[in-house]
There are 4 protein chains.
Amino acid sequence: METGRESVAGTKRLPRAVRERQMLDAAVTCFARHGYQTASMDEIAELAGVSKPLVYLYLHSKEDLFTACIRREAEALLATVAGAVGDPDVPPDERLWAGLLAFFTHAADHPDAWVVLSRQARTQGEPFATEAARMRDEIAAFVAGLIGEAAREARDGAAITERDVTALAQALVGSAEALAGWANETPGVTAREAAATLMNFAWAGLGNLMKGERWSRR
Amino acid sequence: METGRESVAGTKRLPRAVRERQMLDAAVTCFARHGYQTASMDEIAELAGVSKPLVYLYLHSKEDLFTACIRREAEALLATVAGAVGDPDVPPDERLWAGLLAFFTHAADHPDAWVVLSRQARTQGEPFATEAARMRDEIAAFVAGLIGEAAREARDGAAITERDVTALAQALVGSAEALAGWANETPGVTAREAAATLMNFAWAGLGNLMKGERWSRR
Amino acid sequence: METGRESVAGTKRLPRAVRERQMLDAAVTCFARHGYQTASMDEIAELAGVSKPLVYLYLHSKEDLFTACIRREAEALLATVAGAVGDPDVPPDERLWAGLLAFFTHAADHPDAWVVLSRQARTQGEPFATEAARMRDEIAAFVAGLIGEAAREARDGAAITERDVTALAQALVGSAEALAGWANETPGVTAREAAATLMNFAWAGLGNLMKGERWSRR
Amino acid sequence: METGRESVAGTKRLPRAVRERQMLDAAVTCFARHGYQTASMDEIAELAGVSKPLVYLYLHSKEDLFTACIRREAEALLATVAGAVGDPDVPPDERLWAGLLAFFTHAADHPDAWVVLSRQARTQGEPFATEAARMRDEIAAFVAGLIGEAAREARDGAAITERDVTALAQALVGSAEALAGWANETPGVTAREAAATLMNFAWAGLGNLMKGERWSRR
DNA sequence: GATGAATGAGCGTTCATTCAT
DNA sequence: GATGAATGAACGCTCATTCAT
């Protein structure tokens with residue numbers, strides 16, 4: 001008797017790796033729900049099903065724990081997107097689409113992780129903001145690379161400066177973040193739909209930009 | 001009697017409105033610098049040049065104080081943007097341009113307020129996230145209105161659903177937020193430049209969308 | 001009704017100086033009873049009749065509190081002894097006697113303070129040991145000065161080196177500490193008796209030393 | 001199977017007595033360095049080269065471990081001194097000299113043990129202070145015996161009461177403790193020098209006392 | 001004989017908040 | 001109008017101690 005869930009909940013003496021994963025999972029949930037400062041180590045430990053000292057034994061401090069969360073989730077997201085963008089022989093718009101789709105899907109599948117990365121990490125001052133910026137920059141670099149590639153294919157690509165590209169990447173990543181948050185919080189919005197919106201919005205705009213068409217007061 | 005010392009010691013009996021403004025100013029600065037949780041009422045009171053009980057007398061609690069900050073700054077920003085968008089007779093692209101310029105200028109002129117609104121308010125859980133979302137939605141509605149107006153002017157505007165418009169507005173607002181943060185933190189980037197980047201990016205993209213041109217896998 | 005003690009215990013809103021004295025008194029008692037590490041801030045606060053935050057507001061930390069205790073008690077003891085030794089015109093043996101009597105009397109009147117100074121402060125590592133050593137050295141220098149003065153009066157004083165004097169001062173201070181502890185813990189032993197024991201023991205021994213009489217294996 | 005790794009990894013199955021000695025050695029070192037409260041069982045176990053549960057298996061608790069340290073070191077010191085004082089036929093001053101020399105030599109050879117006995121044990125409250133006092137009293141009794149013996153040899157020995165003897169013994173032991181600490185912490189001071197200082201100081205003083213010469217205000 | 005896994009209990013510290021004046 | 005005095009509640013962190021193997 002007492003099979004299934006009970007046996008899992010009551011199982012003691014798990015190997016360290018398993019416990020660490022449980023703790024990180026719990027921490028991501030708590031940090032997403034309450035923010036870094038408000039989340040308490042007590043609650044995280046309880047949610048992880050372990051005692052507080054064990055959390056400290058394995059993760060050393062609240063700061064280290066938060067950093068570990070950011071790193072794990074950032075790497076998971078980056079790996080997913082990088083894997084989807086993949087083959088450099090595919091035309092850049094296809095690769096952007098694949099990346100966007102993977103991005104929104106991942107964000108939808110791991111909403112807590114996404115909140116931690118996009119909202120909490122960036123607002124908690126220095127040890128963390130840098131960590132989060134690293135991931136953001138890596139994604140922005142991805143996008144900038146694709147834009148640059150597309151620009152080189154177009155005739156007047158030279159009309160775009162590097163700062164333009166950076167600014168565009170910022171705008172694009174910002175859109176993606178906003179859409180991901182909106183999609184996650186609005187019932188019925190799929191990752192595919194969010195990706196399509198951004199793709200339509202961005203690719204067309206980018207295309208015009210490549211051709212040197214700029215808005216100016218009539 | 002006892003005239004001399006009190007008046008010399010800096011004791012100023014200012015009217016309530018002035019004191020409240022000082023407190024809100026100090027609070028915005030502190031909240032922007034340290035975040036909601038980390039900012040201490042002690043520091044806010046000191047920066048405001050008053051004693052802590054007075055802060056409580058006027059603003060009731062830390063939560064109320066933060067809410068008051070959010071409200072004041074959100075209203076100021078909305079008023080600025082609304083004023084700039086202004087006259088409904090002007091074509092929508094002009095109005096969008098004016099709004100963007102006003103928005104980025106305001107964010108650049110009040111960087112602490114912008115940090116509080118865009119970063120802190122949204123990450124501090126429920127009383128505040130809603131408050132911040134209200135402003136965000138109001139701006140998004142503005143934008144959505146302009147997009148819709150433009151769409152109605154274009155022939156195939158009917159091809160765009162209301163949800164499309166909402167999604168686009170979210171994307172636009174997200175871009176704007178990201179660019180504002182980037183512009184404020186990157187020396188040498190002007191509000192005008194940020195606005196131009198976004199205008200070029202978005203208006204061209206929107207234009208294509210209006211014409212029913214969508215990206216699709218070749 | 002309810003005069004005297006109750007009115008003291010229930011009196012709230014005392015001026016800071018009074019509260020600080022209460023806290024230091026309580027801290028000295030606790031540190032003497034349990035030692036620095038074992039004494040808890042909770043207990044100190046309770047014994048002082050205040051809440052823990054007030055202790056921190058005024059004394060900043062456990063370390064600062066302990067340091068403040070050491071300083072206050074060391075200064076009190078030094079002032080007492082210095083006052084008693086007093087007039088340089090009095091012959092050195094009279095001055096030593098007066099100093100010893102004052103020392104043992106003070107130690108007997110403030111047993112907790114004496115325990116903190118002689119036992120706790122010296123065993124709690126670096127911030128404190130130095131603080132305690134300062135007082136000890138000051139007393140040792142006193143004694144060494146008196147010994148040196150006496151030596152100069154004796155004919156063969158030159159036979160005593162400076163290191164001898166230092167060693168003798170150490171021995172004398174050690175005797176004093178041991179006797180003070182013993183006197184405080186043994187009922188019926190007065191400060192005068194302890195002082196007399198040490199005076200007889202030390203002064204005769206010192207006298208012989210001055211005359212160059214040393215023990216050597218027969 | 002699985003033979004190799006275990007034996008290589010340093011796993012040694014030592015007899016209990018050896019393990020206990022390792023643990024006590026490590027404990028004495030740690031207690032001397034950090035004090036009873038601050039020393040951690042983790043560090044002691046690590047320094048002893050065993051796991052923490054083994055320490056508990058053999059020594060039961062931190063308190064028991066500390067007590068065991070005190071006992072072992074106190075017995076070692078007492079045995080050394082008792083052995084040196086030795087033959088009752090030798091005159092008391094020779095025996096005192098031998099005892100002092102043995103005492104200072106032992107303290108110099110086992111500085112950690114001496115710190116534990118003289119500083120830590122006496123400041124850690126009740127279970128330990130008593131344990132340390134036992135040793136101290138035993139040494140004081142030794143000294144008192146020698147003093148008494150010498151007094152009986154002198155003509156006016158009857159002038160000295162038993163309490164005088166006890167007080168003198170306390171003073172002597174206190175001097176010895178202070179000099180031992182000073183000698184251990186001052187480079188260049190030998191055990192022989194410390195012993196000589198004390199012998200000169202004390203024996204001359206004691207001699208005068210025996211003859212009934214006491215200090216009194218002129 | 002020996003240990004990796006795990007915890008109950010407590011401590012130093014801080015902070016939002018409130019009286020009494 | 002304005003403040004010095006004071007606190008309840010909580011939090012991050014550590015440590016002696018024990019199981020299960």
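Proteins come first, then strands; the chains are lettered A, B, ... in the order of their sequence lines, and each starts at number 1.
- If you check E:dC15, E:dT3, F:dG4 against the side chain of D:P53, the one that comes closest is E:dT3.
- Neither OP1 nor OP2 of E:dG4 sits under 4.0 Å from any side-chain N or O of A:R19.
- For B:M23 and F:dG1, the CE to P distance is 11 Å, given to the nearest whole Å.
- The two atoms that bring B:A39 and B:H34 nearest to each other are N-CB, 3.8 Å, heavy atoms only.
- Scanning atom types as modelled, no donor and acceptor separated by under 3.5 angstrom connect the side chain of B:K52 and the base of F:dT3.
- Within the 4.0 angstrom heavy-atom criterion, only backbone atoms of the sugar-phosphate kind lie near D:A39; the bases stay farther away.
- With no hydrogens or angles considered, no side-chain donor-acceptor pair links A:E63 and A:T67 at under 3.5 Å.
- Once rounded to the nearest 0.5 Å, the distance linking CE of D:M23 with CZ of D:R16 reads 8.5 Å.
- Within the nucleic acid shown, A:R16 comes within 4.0 Å of sugar-phosphate atoms alone, with no base atom in reach, counting heavy atoms only.
- Side chain of D:T130 to backbone of D:P127: no donor-acceptor contact under 3.5 angstrom is found.
- Between D:V50 and A:L54, the residue whose closest nucleotide on DNA chain E is further toward the 5' end is D:V50.
- Between the NZ atom of A:K62 and the P atom of F:dT14 there is a distance of 14 Å, rounded to whole Å.
- Spacing between atom CG of D:L59 and atom C1' of F:dA16 amounts to 14 Å, rounded to whole angstrom units.
- If C:S51 and A:S40 are placed on DNA chain F by their nearest nucleotide, the residue sitting closer to the 5' end is C:S51.
- Salt bridge A:D64/A:R71: absent, no basic N to carboxylate O contact under 4.0 Å.
- Taking the side chain of A:Y56 as heavy atoms from C-beta on, and the options E:dT17, F:dG12, E:dT13, the nearest nucleotide is F:dG12.
- The closest side-chain heavy-atom distance from A:E73 to A:V116 is not below 4.5 Å.
- Under 4.0 angstrom from either OP1 or OP2 of E:dG4 there lies no side-chain N or O belonging to A:R13.
- The separation between B:E63 atom CD and E:dC15 atom P is 18 Å, rounded to whole Å.
- Here the options are D:V115, D:I44, D:D112, the test is side chain to side chain contact (heavy atoms under 4.5 Å, CB included), and the partner is D:F31; only D:I44 passes.
- Position along DNA chain E of the nearest nucleotide to A:Y58 versus D:G49 favours D:G49 as the more 5'-ward residue.
- In this structure, D:E46 places its CD atom 15 Å from C1' of E:dT3, rounding to the nearest Å.
- One can place CD1 of D:I44 at 11 Å from C1' of F:dA16, the figure rounded to the nearest angstrom.
- A straight line from CE of A:M41 to P of E:dC11 spans 21 Å, rounded to a whole angstrom.
- Here E:dT17 presents its C1' atom at 13 Å from CG of B:D64, a figure rounded to the nearest Å.
- Each of D:Q37 and B:P15 lies near DNA chain F, and the nucleotide nearest B:P15 is the one positioned closer to the 5' end.
- Partners of D:F128 according to the ring-ring contact (aromatic ring centres under 6.0 Å, His included) rule, which considers only residues two or more places apart in sequence or in another chain, are D:Y36, D:F66.
- Counting only Watson-Crick or G-U wobble pairs whose defining distances are both under 3.5 Å, the stems of 3 or more consecutive pairs in DNA chain E are E:2-21 with F:2-21.
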